[in-house]
Colleague: 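This is the structure I want to talk about, given as structure tokens.
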Amino acid sequence: QVQLVESGGGLVQAGGSLRLSCAASGSIFAINAMGWYRQAPGKQRELVAAITRGGSTNYADSVKGRFTISRDNAKNTVYLQMNNLKPEDTAVYYCAVGRTIVVLPEVRYWGQGTQVTVSS
């Protein structure tokens with residue numbers, strides 16, 4: 001089993017920045033791809049960014065150029081640096097872990113979610 005502990009959410013003004021962290025513990029063999037999904041009220045949960053152990057990344061078109069995902073394999077921790085935040089980024093952000101996590105059915109473990117609110 002893998003446990004995920006998220007931190008870094010909060011309230012910021014448009015144009016501001018936040019850094020999310022997610023530390024995974026448990027079976028290292030179950031921790032391959034790590035990343036973040038988000039879900040706003042009335043919306044489907046969508047992939048924000050993902051990263052593999054080898055460092056390959058994938059971003060949603062809406063966050064390219066603004067968000068950067070990274071990971072520390074020794075700590076089994078994934079980070080999401082969010083810059084130039086927009087009100088449209090307001091959502092609950094969920095850490096995700098699996099062999100692959102590009103689509104929802106591939107996610108094996110979820111964090112409990114952290115609220116990100118961007119005010120205008």
Side-chain angles (χ1 to χ4, degrees):
Q1 187 175 345
V2 172
Q3 289 78 44
L4 305 176
V5 180
E6 302 180 25
S7 63
L11 173 65
V12 297
Q13 297 183 41
S17 298
L18 285 173
R19 190 191 193 207
L20 304 183
S21 298
C22 176
S25 62
S27 175
I28 62 171
F29 300 102
I31 306 171
N32 181 37
M34 304 183 73
W36 301 88
Y37 278 74
R38 68 185 181 188
Q39 188 166 26
K43 302 290 186 179
Q44 295 185 15
R45 191 171 297 190
E46 64 175 353
L47 178 69
V48 178
I51 186 168
T52 67
R53 278 181 174 149
S56 298
T57 59
N58 188 28
Y59 294 93
D61 289 340
S62 60
V63 307
K64 287 180 179 177
R66 299 188 297 119
F67 292 9
T68 302
I69 190 169
S70 61
R71 67 186 287 171
D72 184 335
N73 289 331
K75 297 180 179 179
N76 285 322
T77 299
V78 63
Y79 307 92
L80 186 68
Q81 180 66 46
M82 304 186 293
N83 297 327
N84 191 25
L85 283 161
K86 303 176 180 180
E88 306 90 85
D89 297 316
T90 296
V92 177
Y93 285 68
Y94 296 92
C95 184
V97 170
R99 191 182 69 83
T100 62
I101 61 165
V102 175
V103 298
L104 271 168
E106 297 175 346
V107 178
R108 186 168 184 177
Y109 301 101
W110 293 98
Q112 292 300 309
T114 184
Q115 178 70 47
V116 171
T117 302
V118 184
S119 64
S120 59

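By convention here, the first residue in the shown sequence is residue 1.
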Colleague: Going by ring pair (Phe, Tyr, Trp, His ring centres under 6.0 Å), name the pairs with one or both residues in residues 72-109, residues two or more places apart or in two chains.
Modeller: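 Passing the test, one end in residues 72-109: no pairs.
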Colleague: Suppose we screen for ring pair (Phe, Tyr, Trp, His ring centres under 6.0 Å). Which residues come up paired with Tyr37, at least two apart in sequence or across chains?
Modeller: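 Once residues adjacent in sequence are excluded, the partners of Tyr37 under the ring pair (Phe, Tyr, Trp, His ring centres under 6.0 Å) criterion are Trp110.
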Colleague: May I have all residue pairs that pass salt bridge (Lys or Arg N to Asp or Glu O under 4.0 Å) and include part of residues 48-58, sequence neighbours excluded?
Modeller: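 Qualifying pairs: none.
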Colleague: Remaining members of Val5's ILVMFWY cluster at a side-chain heavy-atom cut-off under 4.5 Å?
Modeller: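 Val5 shares its hydrophobic cluster with no other residue.
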Colleague: If you group Ile, Leu, Val, Met, Phe, Trp and Tyr by side-chain heavy-atom gaps below 4.5 Å, do Val107 and Leu4 land in one group?
Modeller: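 As far as the 4.5 Å side-chain criterion goes, Leu4 and Val107 are not connected within one cluster.
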Colleague: For Lys43, check salt bridge (Lys or Arg N to Asp or Glu O under 4.0 Å) against everything at least two apart and list the hits.
Modeller: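 In terms of salt bridge (Lys or Arg N to Asp or Glu O under 4.0 Å), with neighbours along the sequence ignored, Lys43 is linked to no residue.
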Colleague: Any chain of hydrophobic side-chain contacts (each under 4.5 Å) joining Met34 to Ile101?
Modeller: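 No, Met34 and Ile101 fall in different hydrophobic clusters.
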Colleague: Under 3.5 Å, side chain of Glu6 to main-chain N/O of Gly113, donor-acceptor pair present?
Modeller: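 Pair found, side chain donor or acceptor close to backbone of Gly113.
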Colleague: Shortest non-hydrogen contact from Leu18 to Gly8?
Modeller: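 Shortest heavy-atom contact: CD2-O, 3.7 Å.
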Colleague: Per the side chain to side chain donor-acceptor pair (under 3.5 Å) rule, what does the pair list look like for residues 67-77, sequence neighbours excluded?
Modeller: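 Non-adjacent pairs meeting side chain to side chain donor-acceptor pair (under 3.5 Å): Arg71-Asn73.
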Colleague: Applying salt bridge (Lys or Arg N to Asp or Glu O under 4.0 Å), name anything that partners Glu46, two or more places apart in sequence or on another chain.
Modeller: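 Glu46 satisfies salt bridge (Lys or Arg N to Asp or Glu O under 4.0 Å) with Arg38 only.
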Colleague: I need the full list of side chain to side chain donor-acceptor pair (under 3.5 Å) pairs touching residues 15-36, with sequence neighbours left out, sorted by first then second residue.
Modeller: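 Applying side chain to side chain donor-acceptor pair (under 3.5 Å) to every pair that reaches into residues 15-36, excluding sequence neighbours, yields Ser17-Asn83.
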Colleague: For the hydrophobic clusters of this structure (ILVMFWY residues joined by side-chain heavy atoms under 4.5 Å, transitively), does one cluster hold both Val63 and Leu80?
Modeller: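 Cluster IDs for Val63 and Leu80 match.
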Colleague: Got a sec, which residues hit side chain to side chain donor-acceptor pair (under 3.5 Å) with Thr117, two or more places apart in sequence or on another chain?
Modeller: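 In terms of side chain to side chain donor-acceptor pair (under 3.5 Å), with neighbours along the sequence ignored, Thr117 is linked to Gln115.
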Colleague: State the CZ-CG distance between Phe67 and Leu20, to the nearest 0.5 angstrom.
Modeller: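 The distance works out to 8.0 Å.
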Colleague: With sequence neighbours excluded, tell me which residues meet side chain to side chain contact (heavy atoms under 4.5 Å, CB included) with Val118.
Modeller: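 Counting only residues at least two positions away or on another chain, Val118 forms a side chain to side chain contact (heavy atoms under 4.5 Å, CB included) with Val12, Ala14, Leu85, Pro87, Asp89, Thr90, Val116.
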Colleague: Among pairs that include at least one residue of residues 83-120, which meet disulfide (SG to SG under 2.5 Å), considering only residues two or more places apart or in two chains?
Modeller: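 Listed once each, the pairs are Cys22-Cys95.
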Colleague: Is the side chain of Tyr59 donor-acceptor paired with the backbone N or O of Arg66 at a distance under 3.5 Å, no angle test?
Modeller: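 No: the side chain of Tyr59 does not pair with the backbone of Arg66.
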Colleague: Do Leu104 and Val92 sit in one hydrophobic cluster, given that two such residues count as connected whenever their side-chain heavy atoms are within less than 4.5 Å of each other, even indirectly?
Modeller: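 Yes, same cluster.
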Colleague: Can you tell me which residue pairs pass the salt bridge (Lys or Arg N to Asp or Glu O under 4.0 Å) test with a partner in residues 95-114, sequence neighbours excluded?
Modeller: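 For residues 95-114, and leaving out neighbouring residues, there are no salt bridge (Lys or Arg N to Asp or Glu O under 4.0 Å) pairs at all.
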